[in-house]
Student: 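Dropping a structure here in structure tokens format, bear with me for questions.
If you read the sequence from its start, that first residue is 1, and numbering goes on from there.
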Amino acid sequence: MALHSDIYWVGRQWAVTGAGIQAIDQRLRGVLDIDIARLWDESLVRSRRAKPGVNAEDFDKALMMARERFPETPVSAPFLAQLKALGVIETPVVSTVLPAMQLRAEGRLARFLPQWRVRR
């Protein structure tokens, strides 16, 4: 993925852009990029830092700059209640009717049957 047009900081290997943290090397095609919504996901950050070839010092600097620019905004419970009251967020409808057919595929491989045709 090409670098976002809004570039706030550029390091040796990483850049902080309007999309989050992006690797400058475009041959990676955005595999290591971290979008704004996942900047505060510690497991994702640790997995990206542990990848081979990642400059950890530059990554930490980019992460610090990105977290300063895009702070984590916790959503409060009263705010969610207001959104539900206004109808912006709908409460999920739980159906008590069972579906006509339930698919069970846990731990099984899909099997593809040969195609059949009616010949005249």
Student: Can a salt bridge be assigned to the pair Glu68 and Lys61 using a cut-off of 4.0 Å between side-chain N and carboxylate O?
Tutor: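 Lys61 and Glu68: not salt-bridged.
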
Student: Does CZ in Arg12 sit with more than 12 non-hydrogen atoms of other residues, nucleotides or ligands closer than 6.0 Å?
Tutor: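 Count not over threshold, so no.
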
Student: If you round to the nearest 0.5 Å, how far is CD of Glu42 from CZ of Arg49?
Tutor: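 The CD atom of Glu42 is 7.5 Å from CZ of Arg49, to the nearest 0.5 Å.
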
Student: Any Lys/Arg nitrogen of Asp33 or Arg48 sitting under 4.0 Å from an Asp/Glu carboxylate oxygen of the other?
Tutor: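 Looking at Arg48 together with Asp33, the answer is no, because their closest N to O distance does not fall below 4.0 Å.
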
Student: Can you name the nearest heavy-atom pair linking Val54 to Phe59, along with the distance?
Tutor: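 Closest approach of Val54 to Phe59: CG1-CB, 4.2 Å.
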
Student: To the nearest 0.5 Å, what is the distance between CZ on Phe70 and CG on Leu39?
Tutor: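 That separation rounds to 7.5 Å.
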
Student: How long is the gap from CG on Leu32 to CD1 on Ile21, to the nearest 0.5 Å?
Tutor: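 One gets 11.0 Å once the value is rounded to the nearest 0.5 Å.
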
Student: For the pair Asp58 (side chain) and Gln13 (backbone), establish whether a donor and an acceptor sit closer than 3.5 Å, ignoring hydrogens and angles.
Tutor: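 Yes, because the side chain of Asp58 sits within donor-acceptor range (under 3.5 Å) of the backbone of Gln13.
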
Student: Mind listing the closest non-hydrogen atom pair of Ala62 and Trp9 along with its distance?
Tutor: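 Scanning both residues completely, I find the closest heavy atoms to be CB-CZ3, 3.4 Å.
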
Student: For Gly11 versus Ile24, what's the shortest heavy-atom pair and its separation?
Tutor: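 Minimum heavy-atom separation between Gly11 and Ile24: O-CD1, 3.2 Å.
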
Student: Do any N or O atoms from the side chain of Arg69 and from the backbone of Tyr8 form a donor-acceptor pair under 3.5 angstrom?
Tutor: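 Between the backbone of Tyr8 and the side chain of Arg69 there is no qualifying donor-acceptor contact (under 3.5 Å).
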
Student: What do the steps show when you test Arg38 against Asp35 for salt bridge (charged side-chain N to carboxylate O under 4.0 Å, His left out), and what is the final call?
Tutor: CA-CA 6 Å; Arg38 301 202 57 197; Asp35 59 336; 5.0 Å; no

Student: If you round to the nearest 0.5 Å, how far is CD1 of Ile34 from CH2 of Trp14?
Tutor: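 Reported value, rounded in 0.5 Å steps: 6.5 Å.
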
